[in-house]
**Q** 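Quick one: the structure is below, and I'll ask about it shortly.
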Protein chains: 2
Amino acid sequence: MNDVNAGNSIPGTVAYRLGVLGTIAADRFAAAIDPLDLKPKHVGLMAALDANTGASQQDLATRLGVVPSLIVSLADHLERLGAIRRERDATDRRRQTLALTDQGRQLLTTCEQAATEVDATLTARLTPHQLQSLQEALAILATDTLPKNPLPTPPNP
Amino acid sequence: MNDVNAGNSIPGTVAYRLGVLGTIAADRFAAAIDPLDLKPKHVGLMAALDANTGASQQDLATRLGVVPSLIVSLADHLERLGAIRRERDATDRRRQTLALTDQGRQLLTTCEQAATEVDATLTARLTPHQLQSLQEALAILATDTLPKNPLPTPPNP
DNA sequence: TATTGTTATACTCTATAACTATA
DNA sequence: TATAGTTATAGAGTATAACAATA
C-alpha cells in the first residue's frame with residue numbers, strides 16, 4: 001500500500017535500506033553517547049576489549065579493520081578518560097596490551113543502556129514477532145559477513 | 001551456539017548491528033558503482049529525481065537532509081556525466097529544476113542491478129523466509145523512521 | 001632487518017559562511 | 001529585503017608515510 005519505493009527500485013533494496021538505516025542508527029547512538037565524550041568507534045574498541053582481553057594495538061587494528069594509527073588516537077582518548085590501561089608486554093617491550101579498567105567497564109555498561117534505548121525507539125513500531133525476525137536476520141548477517149569485527153562508522157557530521 | 005555477542009552486549013543490539021552492517025552494505029555498494037564514477041549519494045540524488053520529478057535544488061536539499069551546497073556539487077558531477085539536466089524555472093529565474101535524462105535513467109538502472117547483486121551476496125545465507133522477514137522489517141523501519149528521505153552515507157574511505 | 005607503536009601529513013567528505021543574481 | 005544557487009573556506013575523520021624503540 002505504501003510502497004512507493006518497493007520492488008527493485010534502489011530505495012527498496014536491502015543494501016540501500018541497510019545503508020540508510022545504519023546511518024540513522026549510528027547517528028542516534030552517537031548522539032546518545034556524546035555526553036559521555038565518546039564516539040561510536042571508541043565504544044567499538046571498548047567492546048572488543050571486553051570480549052577479548054589482552055590484545056595488542058596491532059592485533060586490534062587488524063581485527064577491527066582499521067589502521068594502527070587510528071587505534072592510537074582512540075586509545076589515547078580512552079586512556080585520558082580512564083577507561084583503559086596500556087600495559088607494556090614484559091617479554092616483548094614493543095607491544096602494548098590494552099585492558100579495560102573497572103571504570104571502562106562501567107562506561108561500557110552505560111553505553112549498553114544507551115544502545116538499548118536507541119533500539120527501543122528504533123523498533124517501537126515493530127510487532128514482537130517482527131522484532132524477533134529482524135534480530136534473527138541481523139544476527140545471521142552479522143556472524144556471516146563479519147569474520148572480522150569492523151568498527152561502526154560514525155556519521156559524518 | 002555461536003552467540004559470543006548475543007544478549008544485551010553492545011555488539012548484539014539492533015542499533016550497533018544496523019550501524020556495522022549498514023557500513024558494510026554501503027561499502028560494497030560503493031565499490032560496485034565506483035566504475036560508473038558514482039558515489040552512493042549521487043545514486044541517492046538520482047533516485048530522488050526518479051521518484052519525484054521537477055524539484056528545485058533547495059527542495060532536494062531539505063528533502064534529502066543535506067545542505068544546498070552539497071546538492072550543487074552532486075548535481076555538477078551528474079551533469080558532467082550527462083545523467084541530469086538543469087533547467088531554469090521560467091517564472092522564477094533563480095530556481096533550477098533538476099531532471100533525469102534518458103542516460104541518467106539508464107545509469108540508475110545499472111545501479112539498481114548493482115544493488116540487487118550486493119543484496120544477493122549479502123543475504124545469501126538467509127532462508128527465503130528469513131529474507132522476507134528482514135525485508136518486511138526493514139521496510140517498516142524505513143517508512144517509519146524516515147519522513148524525510150535521507151541520502152545514504154558513503155563509507156569514509 | 002623486521003615489527004610495534006607513534007607522529008606528521010594528506011585526503012575525502014560535508015558543513016558554514018560569504019557572494020551573485022534574481023525576486 | 002529575502003531567496004536560489006554558487007563559491008570559498010573550515011572542520012571532522014581517517015588513511016598513508018616517515019620515524020623511534022625494540023626485537
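Below, chain A is the first sequence line, B the second, and so on; all start at residue 1.
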**Q** In this structure, how many angstroms lie between the C1' atom of D:dA4 and the CD atom of B:Glu87, rounded?
**A** 16 Å

**Q** Donor-acceptor pair under 3.5 Å: do we get one between A:Ser69's side chain and the base of D:dT14?
**A** no

**Q** Keeping the roles fixed (side chain from B:Gln130, backbone from B:Thr127), state whether a donor-acceptor pair exists under 3.5 Å.
**A** yes

**Q** In whole angstrom, what separates A:Leu45's CG from D:dT14's P?
**A** 12 Å

**Q** By nearest heavy atom, map B:Thr91 and A:Gln96 onto DNA chain C; which one lands nearer the 5' end?
**A** A:Gln96

**Q** So, are A:Asp89 and A:Arg94 salt-bridged, with charged N and O less than 4.0 Å apart?
**A** no

**Q** So, B:Thr109 side chain and B:Arg105 main chain: donor-acceptor pair closer than 3.5 Å or not?
**A** yes

**Q** If only side-chain N and O atoms of B:Arg86 are considered, is one of them under 4.0 Å from the OP1 or OP2 phosphate oxygen of D:dA4?
**A** no

**Q** What contact category does B:Arg88 fall into here, base, sugar-phosphate, or nothing, at under 4.0 angstrom with non-hydrogen atoms?
**A** nothing

**Q** Students often get this wrong, so: under 4.0 angstrom with heavy atoms, is A:Ser73 touching a base, only sugar-phosphate, or nothing?
**A** nothing

**Q** Between C1' on D:dT16 and CD1 on A:Ile71, what's the gap in Å once rounded to a whole number?
**A** 16 Å

**Q** Check whether any side-chain N or O of B:Thr53 sits under 3.5 Å from a backbone N or O of B:Leu49 as a donor-acceptor pair, and report yes or no.
**A** no

**Q** Quick one: on DNA chain D, does A:Arg93 or B:Arg94 contact a more 5' nucleotide (nearest heavy atom)?
**A** B:Arg94

**Q** Look at A:Lys41 and D:dT14 and indicate whether a side-chain polar atom (N or O) is within less than 4.0 Å of OP1 or OP2.
**A** yes

**Q** To the nearest angstrom, how far is A:Asp27 atom CG from D:dA12 atom P?
**A** 16 Å

**Q** Within the 4.0 Å heavy-atom criterion, would you say A:Gln58 contacts the bases, only the backbone, or no part of the nucleic acid?
**A** base

**Q** Please state how far atom CG in B:Leu70 lies from atom C1' in D:dT6, giving the value in whole angstrom units.
**A** 13 Å

